[in-house]
Amino acid sequence: MVDINATLIAQVLNFLFLVFILAKFAYKPIINMMDERKNKIASDLENAEMAKAEAEKLKAEYAAQLAAVRQEAQSIIENARKTAQSVHDKIIAETKEEQEQIVASAKDAILLEKQQALGEVRAQVIKLSLVAAGKILEQKLNSAEDEKLAGSVVDKIMK
Amino acid sequence: MGNEAAAMAQGAEQSGEIIHYAATEIAPGIVINMQTMYMTWIAMAIVFVLFFIVSRNPKMVPSGLQNVMEMFIDFLDGMMNQNLGEKGRKYMASFIITLFMFILVSNEIGMLPQVGVHWTSPTNDINTCFALSLLIALSAYIVGVIRQGIGHFKHFVSPSKAFLPLHILDAITKPLTMALRLFGNILAGEILLIVLYQLSPWIIPEFWVMFSLFIGFVQAFIFTILALGSYALAFSEH
């Protein structure tokens, strides 16, 4: 049952032959494929990691941009509000001034008109009173002295 | 199958042994165990065909047989990386993968149903086991000398000269125990299977077949691990 014979040599040769033909015909394609797959998976994972980092960066960038834009919009609105307020204030002030001016000039005009009217009324009254006095006295009262006199009378009356 | 086994056992009883090796004198003084030879060739053919089919068209996304063979290769690659390092793995991959697959297939074909062919394991022959273990022991020295020069033998006197006898004893017993462990397990499995068929033709031997298939895998694994242990010295940096 345990005879050691030439089978031992034959088995060594058999086994070496098997190693040789497998190494020559079979292992290389299989091991190459396994290595290729390993590399592919590693590089795919790396790419995915890179893409993820890229996306992360883009996201942060967009968030920062959005915040900046929002801030800018806020400042634009604030400026617009300030400008509108100042324009509003200015218009109000100008209008007030103009209004006051108009009122003042109207007052002046009224005063002037009043004085004119009073002057005219006085002249008419003088003439009328002279005419009336002349008619009443049947005298010539056309001289300058007469007129002066009459005027003083009228003035006294009108006061 | 029980009948064939029984008949075979009967024949074995007549000739005084339970396992046949069909020892034949092919030339004067040269005796070859032909049964072992045939079974070795069958095992070699099975291993070759398995790898050859896969290697013809390896796919990026493996399936079926490719998955199975890649699982074995990956499993052995892991062990080689641990014991031999990255460089050693590239150097020894063909040898170790073939060793494991050949022993695995050899161990398992002895458990095939005895229909038409008288299936035995090539590893039930002490010649096969010694062939493999001596080949490993000698090639480990050869690889060691190729890689490290004659300084490879320095490990015989480390850590001191007093350890030389122990190292020599280790060098002798390692191939001896490797061969005898494999031989004993597989031969005992087959003998017990024949005995069980004589005791009970059904059911009970099938349990033993299942267990023997498992033992076949474990022994192939152990043999490969021990072979890696032998080669580890040749690839260690010292």
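In the text below, chain A, chain B and the rest are named by the order of the sequence lines, each starting its count at 1. Below, all heavy atoms of this structure are taken into account, side chains as well, without hydrogens, waters or symmetry copies.
Using a 4.5 Å cut-off between heavy atoms, B:I32 contacts chain A through both its backbone and its side chain. Only the side chain of A:K40 comes within contact range of chain B, with at least one heavy atom under 4.5 Å from a heavy atom of that chain. Contact of B:M37 with chain A is made through the side chain alone, with heavy-atom distances under 4.5 Å. The contact between B:T40 and chain A is made entirely by side chain atoms (from C-beta outward), counting heavy-atom distances below 4.5 Å.
Counting heavy-atom pairs closer than 4.5 Å to chain A, the top residue among B:V54, B:V47, B:I97 is B:I97. Chain A forms more heavy-atom pairs under 4.5 Å with one residue of B:V31, B:I53, B:L132, B:I30 than with any other, namely B:V31.
One distance of note links CG of A:L8 with OG1 of B:T128; it measures 8.0 Å at 0.5 Å rounding. The distance from the CG atom of A:L22 to the CZ atom of B:F51 is 6.5 Å, given to the nearest 0.5 Å. Distance OG1/B:T36 to CD/A:Q11: 6.5 Å, rounded to 0.5 Å.
Heavy atoms from other residues, nucleotides or ligands lying under 6.0 Å from CD of A:Q71 number 12 at most. Atom CZ of B:R56 has more than 12 heavy atoms from other residues, nucleotides or ligands within 6.0 Å. Counting heavy-atom neighbours within 6.0 Å of B:Y141 OH, excluding the residue itself, gives a total above 12.
Near-neighbour residues of residues 63-73 of chain B relative to chain A, defined by a heavy atom under 4.5 Å from a heavy atom of that chain, comprise B:Q66, B:E70, B:I73. Near-neighbour residues of residues 13-21 of chain A relative to chain B, defined by a heavy atom under 4.5 Å from a heavy atom of that chain, comprise A:N14, A:F15, A:L16, A:F17, A:L18, A:V19, A:I21.
Here the side chain of B:S55 pairs no donor or acceptor atom with the backbone of A:Y27 at under 3.5 angstrom.
When all heavy atoms are compared, the tightest approach of A:T7 to B:N33 is OG1-N, 2.9 Å. Nearest approach of B:N127 to A:N5, heavy atoms of both residues: OD1-N, 3.0 Å.
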